[in-house]
Amino acid sequence: MADENSKDKIALLGMSAKDISALLTDYPKFCGAQIFGFLADGKDFDEMTSLKKELRAHLCDNYIGNPVQILKTYEGKGGTKKYLFKMRDGNLIEGVFMPHVYGNTLCLSTQIGCRMGCTFCASGLDGLVRNLTVGEMLGQVVAVNRDNGGCAKNRKVDKLVLMGSGEPFDNYDNVLGFLKAVNDEKGLNIGERNISLSTSGLCDKIIKFADSGHKITLSISLHAPFDELRSALMPVNKAYGIDSIVASAKYYFAKTGRRVIFEYTLISGQNDSDGCAKRLAAITSGFPSHVNLIRLNEVKENDYRAPSVDAADAFLKKLQRLGVSATIRKSLGNDVEGACGQLRRRYMSGEEI
Ligand code: SAH
Ligand code: SF4
């Protein structure tokens, strides 16, 4: 549990065993690896009872373990749980845990807020507050794993999607550090096959990421097949238009052998016309890709509306008739206040949730 002065203390979660050892020069080297393992289990220092009492006291006085604290959980349908996390500086972020027979998935955040300003999204309404650290991303996974009865060797979180608040590629270095840390075989050991990341389409970073050797599933938020419409929904399109998005998706496939997923949030009267379906089919044909349709999660701060379930289904059928590989995704954690910054806003404004 974070104490009053913990804001100034260094968080050990997110560091390698070697880095932890290097901090503890007065103690045997193997302590670093032990502490690293306990932290991956989600233990507080006072639970690390196999460490000498004096070392535990030293850790409590000078460091903190997990910089992320679960503030509240909200249970939804089918075992879905929405988490509100508190950072040590008091900032809040959210995550969604979705149990599944094929493995439990956690949707986690990469930034507090977001500066991309997509007009339909609640995360970007107040702009970017700050980037999350490696420890704060890892801390969400460790906390949720433990909250569901897991530890490092017996995980209850199997898959990760970097789709909570924030633009992961706007926090590029920390996100790469997180992918390495969460993949550590002495830690949570979640492999890249089980991780996906969603970006609003920062093409230079997509290319850099493709060249980095990482091979996770990449989703690109497309949401509109015409530049003018996409720029109105997603200001980032003025910097990276649809042509460069398609070129970087092809590059990602060429480099990694992984087809890119295009996310397409259906907004009634905006991007669900026949013309949009035809253009979307033209854009995504000719290379391996998949379109993931999502019905808009309505946000009270704007007037956009979701199409009906039938209208969304009709759009899907049109795409499929045009030869597009496409599916409709059920909204993440819809019944527990959306997946994208809405829970945090409501909580902060003191509204009943
Ligand atoms: N910033 C990244 C990842 C986080 S958002 C991105 O934009 O891709 C995760 C997904 O949720 C994105 O596809 C985003 O466009 C979508 N999204 C945001 N607000 C939404 C809303 N109100 N309803 C449905 N999807 C939304
Ligand atoms: Fe940021 Fe993604 Fe929301 Fe756009 S949709 S404002 S990129 S979190």
Side-chain angles (χ1 to χ4, degrees), residues 93-96 98 105-132 137 140 160-172 174-175 178 195-203 205-206 209 216-224 229-240 245 248-249 252 260-268 270-272 290-307 309 312 327-346:
I93 50 164
E94 54 199 275
V96 190
M98 293 157 285
T105 301
L106 173 66
C107 172
L108 65 132
S109 294
T110 55
Q111 294 182 312
I112 297 165
C114 181
R115 67 188 177 108
M116 297 302 144
C118 303
T119 53
F120 50 85
C121 173
S123 292
L125 285 168
D126 300 321
L128 176 67
V129 179
R130 68 170 174 84
N131 282 332
L132 293 182
M137 285 182 255
Q140 298 170 63
L160 300 175
V161 293
L162 279 66
M163 278 195 197
S165 69
E167 166 50 54
F169 282 166
D170 192 34
N171 186 13
Y172 188 86
N174 287 349
V175 164
F178 164 72
I195 304 180
S196 57
L197 176 154
S198 173
T199 175
S200 57
L202 305 186
C203 296
K205 296 288 169 37
I206 295 175
F209 191 64
I216 65 176
T217 304
L218 184 70
S219 297
I220 303 180
S221 297
L222 189 61
H223 303 324
L229 177 59
R230 192 166 187 271
S231 296
L233 297 172
M234 306 179 71
V236 64
N237 193 66
K238 292 172 199 151
Y240 303 102
I245 298 245
S248 50
Y252 193 76
V260 165
I261 294 172
F262 289 110
E263 284 167 273
Y264 196 96
T265 292
L266 286 164
I267 310 175
S268 182
Q270 293 281 327
N271 62 0
D272 58 350
H290 181 81
V291 174
N292 217 339
L293 299 175
I294 311 144
R295 281 176 63 237
L296 177 78
N297 220 321
E298 292 177 3
V299 173
K300 73 171 171 38
E301 286 83 356
N302 64 49
D303 295 331
Y304 293 131
R305 289 294 154 250
V309 172
T327 41
I328 294 191
R329 187 183 73 197
K330 284 203 277 173
S331 273
L332 300 177
N334 214 350
D335 54 332
V336 275
E337 263 320 313
C340 315
Q342 297 170 64
L343 179 67
R344 167 175 171 262
R345 286 186 72 78
R346 289 213 168 182

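Just so you know, residue 1 is the first one in the sequence shown, and it goes up from there. What you are looking at is a predicted structure, and each value in this text was computed from that prediction instead of being measured. When a ligand or atom number is given, it counts from 1 through the structure's own listing order.
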Revision key, fill the gap. Counting from 1 in the order shown, the ligand 2 atoms closer than 4.0 Å to a non-hydrogen atom of Ser200 are 7 (S)
Study note, to complete from the structure: The atoms of ligand 1 lying under 4.0 Å from a heavy atom of Ser221, numbered in the order shown, are 6 (C), 7 (O), 8 (O), 12 (C), 13 (O), 15 (O)
**Study point:** Side-chain donor/acceptor of Thr199 to backbone N/O of Gly201, under 3.5 Å
**Key:** yes
Check your understanding: Numbering the atoms of ligand 2 from 1, which are under 4.0 Å from a heavy atom of Gly166?
Key -> 8 (S)
Review point. Got a donor-acceptor contact below 3.5 angstrom from the Asp272 side chain to the Ala312 backbone?
Key: no
Check your understanding: Is the backbone of Ile294 close enough, under 3.5 Å, to the side chain of Glu263 for a donor and an acceptor to pair up by distance?
Key -> no
**Study point:** Enumerated ligand 1 atoms positioned under 4.0 Å from heavy atoms of Met163
**Key:** 4 (C), 5 (S), 9 (C)
Review point. Is there a donor-acceptor pair closer than 3.5 Å between any side-chain N or O of Asn171 and the backbone N or O of Asn131?
Key: no
Exercise for review: Return yes when at least one N/O/S atom of Cys114 is nearer than 2.8 Å to atom 1 (Fe) of ligand 2, and no when none is.
Suggested key: yes
Practice item. For Gly164 and ligand 1, answer yes if some heavy atom of the residue is under 4.0 Å from a ligand atom, otherwise no. Key: yes
Review point. When you look for heavy atoms under 4.0 Å from ligand 1, do you find them on the side chain of Leu296, its backbone, both, or neither?
Key: both
Revision key, fill the gap. In ligand 1, the atoms that come under 4.0 Å of a heavy atom of Cys121 are 18 (C), 19 (N)
Check your understanding: So, the side chain of Glu94 versus the backbone of Ser165: is there a donor-acceptor pair under 3.5 Å, distance only?
Key -> no
Check your understanding: Among Asn297, Ile220, Val299, which residue places a heavy atom closest to atom 23 (N) of ligand 1?
Key -> Asn297
Practice item. Using atom types as modelled and distance alone, determine if a side-chain donor or acceptor of Arg130 lies under 3.5 Å from a backbone N or O of Ile112. Key: no
Review point. Counting backbone and side-chain atoms alike, does Cys118 have an N/O/S atom under 2.8 Å from atom 4 (Fe) of ligand 2?
Key: yes
Revision key, fill the gap. Quick note on ligand 1: atoms under 4.0 Å from a heavy atom of Gly166 include exactly 1 (N), 2 (C), 3 (C), 4 (C)
**Study point:** Over all atoms of both residues, closest heavy-atom pair of Ser221 and Met234
**Key:** O-CE, 3.6 Å
**Study point:** Shortest reach to atom 14 (C) of ligand 1 by a heavy atom, considering only Met116, Glu301, His223
**Key:** His223
Check your understanding: Would you call Ser165 a ligand 2 contact, heavy-atom distance under 4.0 Å?
Key -> no
Exercise for review: Report the relative orientation of the aromatic rings in Phe209 and Tyr252; use parallel for angles under 30°, tilted for 30 to 60°, perpendicular for over 60°.
Suggested key: parallel
Review point. Any idea which atoms of ligand 1 are less than 4.0 Å away from a heavy-atom of Glu263?
Key: 10 (C), 12 (C), 13 (O)
Check your understanding: Is the backbone N or O of Leu296 less than 3.5 Å from a side-chain atom of Thr265, with the two atoms forming a donor-acceptor pair by type?
Key -> no
Review point. Polar-atom distance check: Phe120 versus ligand 1, any N or O pair below 3.5 Å?
Key: yes
Exercise for review: With heavy atoms of Thr199 as the reference, note each atom of ligand 1 found under 4.0 Å away.
Suggested key: 6 (C), 8 (O)
Revision key, fill the gap. Here the atoms of ligand 2 under 4.0 Å from any heavy atom belonging to Met116 are 1 (Fe), 7 (S)
Review point. Would you say the side-chain atoms of Asn237 pair up with the backbone N or O of Ala232, donor to acceptor, closer than 3.5 Å?
Key: no
Practice item. Return yes if some donor-acceptor pair links the side-chain N/O of Asp126 with the main-chain N/O of Gly113 below 3.5 Å, else return no. Key: no
Exercise for review: Mark the output for Glu298 as yes if a heavy-atom distance to ligand 1 is under 4.0 Å, and as no if none is.
Suggested key: no
